[in-house]
2 protein chains.
Amino acid sequence: MTISEVSEKFDISQDTLRYYERIGLIPRVNRNKSGMRDYTEEDCNWVEFIKCMRGAGLPIEVLIEYVGLFQQGAETVEARKGLLIEQRKQLIARMEDMKKTLERLEYKIARYEQAVVVKEKELKKSEN
Amino acid sequence: MTISEVSEKFDISQDTLRYYERIGLIPRVNRNKSGMRDYTEEDCNWVEFIKCMRGAGLPIEVLIEYVGLFQQGAETVEARKGLLIEQRKQLIARMEDMKKTLERLEYKIARYEQAVVVKEKELKKSEN
DNA sequence: GCTTGAGTTGGAGTTAACTCCAGGTGTTAT
DNA sequence: ATAACACCTGGAGTTAACTCCAACTCAAGC
C-alpha cells in the first residue's frame with residue numbers, strides 16, 4: 001500500500017505518518033526499489049492501533065516505548081503487559097473524570113432549561 | 001483569598017491562574033489597595049469550574065467564549081446553553097471513543113495474560 | 001526528452017497551553 | 001531602614017504534537 005492510500009484509509013496526513021515513523025511510534029516501513037514506502041498489512045495494523053490509542057489520549061512517549069519493547073521480542077512481554085495495565089488505569093481515571101464533568105454539564109444545561117422556562121430569570125452568579 | 005491560597009486549594013500554579021485571567025478564561029479578579037489579587041468566593045467557583053472543564057478536555061477557546069457570554073448578561077443565556085450542549089455532545093463522543101480503546105486495551109492485556117500462561121508462546125505479530 | 005505528479009529527506013515553523021523570568025512594588029520582620 | 005518575602009506586569013521561553021517546506025528523485029504520459 002502506498003502512503004497516500006494509508007493516509008486516506010486511516011484519515012491521517014502523510015506528514016503525520018512520516019512523523020510517526022521518524023520518531024519510532026510505528027516500526028520502520030519498507031521502501032520499494034525506488035525508495036517509496038510500501039505499507040504491509042502489519043504496518044497498517046500498527047497505524048490503526050496507534051491512531052486508536054492516541055485518540056484516547058495515551059501519550060506518544062509511552063506508545064514509542066511500547067513499540068520499542070515489541071521490537072525487542074518475546075523477553076519484553078511482561079514489560080509490555082505492565083505498560084498496558086498502567087495505561088488502562090490512567091484511561092479509566094480520565095474517563096471517570098470526564099463522567100463527573102459530563103454530569104456537571106448536564107446539570108448546568110438543565111438549569112439553563114429552567115432559566116429559559118422562567119423567562120430568563122437571572123441565574124445566580126455564584127453558579128456561573 | 002490570596003493567589004497562593006487559591007493555587008494551593010485547586011492545585012493550579014500561580015502562573016497558570018494569572019494566565020487564565022489574562023486570556024479571559026476566568027473573569028478579572030479584583031486587586032486590594034496594594035495591587036494584589038483578592039479572590040472572592042465567586043472567583044474561586046470560576047477557577048474550580050474551569051479546572052474541571054479543562055480536565056475533561058474542553059478547549060480553552062470555547063471556555064473563553066463561555067465566560068465572555070456570561071459577562072454579557074442575561075441576553076446570552078440561549079447562546080451559553082447552546083455552547084454547553086455542543087460541548088456535552090463532543091464530550092460524550094470522546095468518552096465513547098475512549099470506551100472502545102479501553103476495551104481494546106483489556107483485550108490486549110488478556111492476550112498477554114494468555115501468553116504468559118503458555119510460557120510466552122509468541123504473540124502473532126499481526127496483532128501487535 | 002520534458003513535464004507532471006507522487007513520493008523522498010532533513011529541518012524549520014506552528015499551535016495550544018502553559019511556564020518562566022526580569023525588573024519592580026508593597027508589607028513584614030529584625 | 002534594610003532584608004526578606006509575596007506578589008505584580010509584560011514578555012520571552014518551553015513542550016508536545018504535529019505541519020510545512022525546499023530541494024530532490026523517480027516513473028509515467030505526451
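Just so we're on the same page: letters track the sequence lines, and every chain starts at 1.
- Among D/dT9, C/dT19, C/dT27, the nucleotide with an atom closest to any side-chain atom of B/Arg37 is D/dT9.
- Atom CG of B/Leu17 is separated from atom P of D/dT9 by 13 Å (rounded to the nearest Å).
- Picking from C/dT8, C/dG7, C/dT19 the nucleotide with the shortest atom distance to the side chain of A/Arg31 gives C/dT8.
- A heavy atom lying under 4.0 Å from DNA chain C marks the following residues of residues 52-64 of chain B, by number: B/Arg54, B/Ile60.
- With rounding to whole Å, B/Lys33 atom NZ is found 8 Å from C/dT27 atom P.
- Nearest nucleotide to the A/Asp15 side chain, out of D/dT19, C/dT9, D/dC8: D/dT19.
- Between B/Gln14 atom CD and C/dC21 atom C1' the separation is 14 Å, expressed in whole Å.
- Of all heavy-atom pairs between B/Val6 and B/Cys44, the closest is CG2-SG, 4.2 Å.
- Taking side-chain N and O atoms only, A/Thr16 has a distance below 4.0 Å to OP1 or OP2 of D/dT19.
- Side-chain N or O atoms of B/Thr40 include one that pairs as donor or acceptor with a backbone N or O of B/Glu42 at under 3.5 Å.
- Looking at the side chain of B/Ser4, the nearest of the listed nucleotides D/dT9, D/dA6, C/dT19 is D/dA6.
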Handout entry: Chi angles and distances behind the side chain to side chain contact (heavy atoms under 4.5 Å, CB included) call for B/Leu63, B/Gln87
Key = CA-CA 10 Å; B/Leu63 294 170; B/Gln87 292 309 308; over 6 Å; no

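- With hydrogens and angles disregarded, a donor-acceptor distance shorter than 3.5 Å links the side chain of B/Lys51 to the backbone of B/Phe10.
- Using a 4.0 Å cutoff on non-hydrogen atoms, the parts of residues 18-30 of chain B near DNA chain C are B/Tyr19, B/Tyr20, B/Arg22, ordered by number.
- A donor-acceptor contact shorter than 3.5 Å links the side chain of A/Ser13 to the backbone of A/Thr16.
- Remark: aromatic rings of B/Phe49 and B/Tyr66 are close, center separation under 6.0 Å.
- Between B/Lys89 and B/Glu86 a salt bridge is recorded (basic side-chain N to carboxylate O distance below 4.0 Å).
- Between B/Ile50 atom CD1 and C/dA17 atom P there is a gap of 12 Å when expressed in whole angstrom units.
- The hydrophobic clustering, which links ILVMFWY residues whose side-chain heavy atoms are closer than 4.5 Å, places B/Leu102 and B/Met98 together.
- Following rounding to the nearest Å, A/Asn32 (CG) and D/dA28 (P) show an atom-to-atom distance of 11 Å.
- Note: OH (B/Tyr39) to C1' (D/dC7) measures 11 Å, nearest angstrom.
- The 5' end of DNA chain C is approached more closely, in terms of each residue's nearest nucleotide, by A/Thr2 than by the other of B/Met36 and A/Thr2.
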Exercise for the section: Let me see the working for A/Leu58 and A/Arg94 under side chain to side chain contact (heavy atoms under 4.5 Å, CB included), right down to the final yes or no. Expected result: CA-CA 11 Å; A/Leu58 301 235; A/Arg94 278 201 300 281; 3.7 Å; yes

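- Look at CG on A/Asp38: it is 13 Å from C1' on C/dG7, rounded to the nearest Å.
- Looking at which nucleotide of DNA chain D each of B/Glu5 and A/Gly35 is closest to, the 5′-most match is held by B/Glu5.
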